[in-house]
Visitor: 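Just passing along the structure, written as structure tokens.
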Amino acid sequence: MSSRVYIENLADYVGREATISGWLYNKRSSGKIRFLILRDGTGVLQGVIVKQNVSEKVFNAFDTLTQESSLRISGTVRKDDRAPGGYEMDVKDVEIIALANDYPITPKEHGVEFLMDRRHLWLRSQRQHAILRVRHEIIRSIREFFDGRGFLLMDAPIFTPAACEGTSTLFETEYFDLGKAYLTQSGQLYGEAGAMAFGKVYVFGPTFRAEKSKTRRHLTEFWMVEPEVAFNDLNDDMDLAEEFLEHIVGKVLKNRAAELKTLERNTKFLENVKKPLPRITYDEAVEILRKKGTSFERGNDFGGTDETVISEEFDRPVMVHRYPAKVKAFYMKRDPKNEDLALAVDVLAPEGHGEIIGGSQREDDYDVLLKRLHEHNLPESAFDWYLDLRRFGSVPHSGFGLGVERTVSWICGLDHVRETIPFPRMIYRLTP
RNA sequence: UCCGCGAUAGCUCAAUGGUAGAGCAUGCGGCUGUUAACCGCAGGGUUGUAGGUUCGAGCCCUACUCGCGGAGCCA
């Protein structure tokens, strides 16, 4: 058997014979000339079958082909601007591998429920290919960014004994004789242990939130990357976040331009993602809301609509820092200049895509942290190991978490995160 | 959990309270450069479920189920 040729490499085969294996994406016929669109996962290729150039058997085989049937076509490769994909094959032979029967996703519009029920098939469409390739590029550039800066990848456990943050609801499961275990909602606390051990680490993995959120920004299972750096203060944390965003957006613009074009993404705002990003305080953000006439009350956290209103003031992501401590997590350090404020930062993506990064400088004083645990009614015993990090050589340290799906949604310009992960898990969807 | 909107052919949608239609998909036929091809013909329905109002309900009313959007919460 000759070496396998993929559609993405067809430029090397112009004027030569090749065999491509794949699935039928679509077909058209016009009398004694027939066209088929083959996809092989790397691209699409238009095959042309002219009756007088092929055997009757091959010509008739075309007529039995149905959408998503698997087949191999052989013939001469030719560049042709008329063809979807840019290349054409003058087909000499068609080998049918398996005929598909009544493939449900036709080349016409479908509803969300219908497509979500068939997500395993929907993944075959060009739009989903583009989104998931951008997702891959984002994940690759995330790892590249941290690996290139000497961060250690530190995997945090999925099963945890207690909440990392008191506020969210946790998925609960039985754990042998040890009682209840919970699916992690953040690897951060373990990341802090890693930072004390290795200086700078990043945790990258799935996280779970049993919130009954039903919005375009929420999944119950989502991926998060969480860097944690010893001796970094809040400003260092923001410096890291903006360099990080510049890196991943830059990589997608450079390496996935074709996919962004498929998605009809206007890249104007993406090209603005260069450091420095605007930094405003919580109070300045509240002032923006006031000026725009919203009924926001100072002291609350921002809702989805508030975030959109704030981000509309900027043509790139904006960092909002120093939130009221009472709306933030127990582990965040207070601002020494104002004990009511937490040294926290949220990065809001433009165009209403909401919070993509949440971070903070962590409380590094043993007594203060213990007090915060009690204030939040968290079981001290479950956090004993975490308190150890303050008993033995505590240092200032900071980190943040970036939600991968929201980032994909923003960069692709989607209106819902459900298409940013192969098999989304949402409050009312567990299948396929 | 709460608020709003929706459910009609395989899919996407029409249909003044009065005979349920179209496009796509499917099947058959036509066309030598098609681009979600096009043209002709055909098959395809207990209008989400259960009640109610009415001479008559896809349409009006009630409840339920499912879905979508949003709120709260959050990345």
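Chain naming here is simple, since letters A, B, ... match the order of the sequence lines and numbering starts at 1 in each.
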Visitor: Taking atom P in both rG48(B) and rA57(B), compute the distance separating them and give it to the nearest angstrom.
Guide: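 To the nearest whole Å, 15 Å.
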
Visitor: Could you check which of rU12(B), rG33(B), rC68(B) has an atom nearest any side-chain atom of V112(A)?
Guide: rC68(B)

Visitor: What I want to find out is whether E137(A) reaches R256(A) closely enough, with some N-O distance under 4.0 Å, to be called a salt bridge.
Guide: yes

Visitor: What's the gap between rC2(B) and rC11(B) when it is taken at their C1' atoms, as a whole Å value?
Guide: 33 Å

Visitor: Looking at the side chain of K214(A), which of rG69(B), rA75(B), rC11(B) is the nearest nucleotide?
Guide: rG69(B)

Visitor: Name the closest nucleotide to the H110(A) side chain, picking from rU34(B), rU12(B), rG69(B).
Guide: rU12(B)

Visitor: Which whole number of Å gives the distance between the C1' atom of rG17(B) and that of rC74(B)?
Guide: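 Going atom to atom, C1' in each nucleotide, I get 48 Å.
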
Visitor: Select base, sugar-phosphate, or nothing to describe what E405(A) touches, counting heavy atoms under 4.0 Å on all strands.
Guide: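 No contact at all - E405(A) keeps every heavy atom at 4.0 Å or more from the nucleic acid.
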
Visitor: Between F244(A) and F400(A), does the ring centroid distance fall short of 6.0 Å?
Guide: yes

Visitor: Please confirm whether the shortest side-chain N or O distance from R127(A) to OP1 or OP2 of rA36(B) is below 4.0 Å.
Guide: no

Visitor: Which nucleotide, in any strand shown, forms a Watson-Crick or G-U wobble pair with rU26(B), with both distances under 3.5 Å?
Guide: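 rU26(B) is paired, partner rA42(B).
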
Visitor: By nearest atom, which of the nucleotides rA75(B), rU34(B), rU26(B) is closest to the D102(A) side chain?
Guide: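 Within the option list, the nearest is rU26(B).
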
Visitor: Could you measure between the two C1' atoms, the one in rC55(B) and the one in rU46(B), and give it in whole Å?
Guide: 22 Å

Visitor: For the side chain of E113(A), counting heavy atoms from C-beta on, which of rA36(B), rG67(B), rC11(B) is nearest?
Guide: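 Between rA36(B), rG67(B), rC11(B), the one nearest the side chain of E113(A) would be rG67(B).
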
Visitor: Sticking with atom P, work out how far rU47(B) lies from rA42(B), rounded to a whole angstrom.
Guide: 24 Å

Visitor: Taking the minimum atom-to-atom distance to the side chain of K212(A), which one of rC74(B), rG72(B), rA36(B) wins?
Guide: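 Output: rG72(B).
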
Visitor: Rounded to whole Å, how long is the line connecting atom CE of M224(A) with atom C1' of rC74(B)?
Guide: 10 Å

Visitor: Would one find a side-chain N or O of H416(A) under 4.0 angstrom from OP1 or OP2 of rC68(B)?
Guide: no

Visitor: Roughly how many Å apart are rG45(B) and rA22(B), using the C1' atom of each and rounding to a whole number?
Guide: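 Pairwise C1' distance, rA22(B) against rG45(B), rounds to 15 Å.
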
Visitor: Could you measure between the two C1' atoms, the one in rG21(B) and the one in rC5(B), and give it in whole Å?
Guide: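 About 25 Å, rounded to a whole number of Å.
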
Visitor: When you measure from the side chain of T215(A), which nucleotide among rG33(B), rG72(B), rG69(B) comes out closest?
Guide: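 Side chain of T215(A) sits closest to rG72(B).
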
Visitor: Scan S213(A) against the nucleic acid and name what it touches under 4.0 Å (heavy atoms): base, sugar-phosphate only, or nothing.
Guide: base

Visitor: Between W223(A) and F204(A), does the side chain to side chain contact (heavy atoms under 4.5 Å, CB included) criterion hold? Intermediate values first, please.
Guide: CA-CA 7 Å; W223(A) 285 67; F204(A) 197 173; 4.1 Å; yes

Visitor: Answer yes when E221(A) and R209(A) have at least one side-chain N-carboxylate O distance shorter than 4.0 Å, and no when they do not.
Guide: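 Between R209(A) and E221(A) there is no salt bridge, as every charged N stays at least 4.0 Å from the carboxylate O atoms.
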
Visitor: Side chain of R406(A), heavy atoms from C-beta onward: which of rA25(B), rA75(B), rG33(B) has the nearest atom to it?
Guide: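 So the side chain of R406(A) is nearest to rA75(B).
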
Visitor: If you compare every side-chain N and O of T305(A) against the phosphate oxygens of rA71(B) (OP1, OP2), does one of them come in below 4.0 Å?
Guide: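 Affirmative; the distance criterion is met.
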
Visitor: For atom C1', what is the distance between rC61(B) and rG69(B), given to the nearest Å?
Guide: 26 Å

Visitor: Please determine, for the side chain of S29(A), which listed nucleotide (rG33(B), rC31(B), rA25(B)) has the closest atom?
Guide: rC31(B)

Visitor: For D346(A), answer base if it contacts any base atom (sugar-phosphate contacts may also be present), sugar-phosphate if it contacts only those atoms, and nothing otherwise; contact means non-hydrogen atoms under 4.0 Å.
Guide: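 No contact at all - D346(A) keeps every heavy atom at 4.0 Å or more from the nucleic acid.
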
Visitor: Would you confirm whether the ring centroid of W385(A) sits within less than 6.0 angstrom of the ring centroid of Y190(A)?
Guide: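 Ring centroids of Y190(A) and W385(A) are less than 6.0 Å from each other.
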
Visitor: Nearest to the R217(A) side chain among rA75(B), rA71(B), rA36(B), which nucleotide is it?
Guide: rA71(B)

Visitor: For the ring pair Y331(A) and Y386(A), is the centre-to-centre distance below 6.0 Å?
Guide: no

Visitor: What's R418(A) touching, base or sugar-phosphate or nothing? Going by heavy atoms closer than 4.0 Å.
Guide: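 The answer is sugar-phosphate, as R418(A) gets under 4.0 Å only of primed atoms, P, OP1 or OP2.
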
Visitor: Between F222(A) and rA75(B), do the rings stack, that is, sit under 5.5 Å apart with planes less than 30° off each other?
Guide: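 Per 5.5 Å and 30° rule: yes, stacked.
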
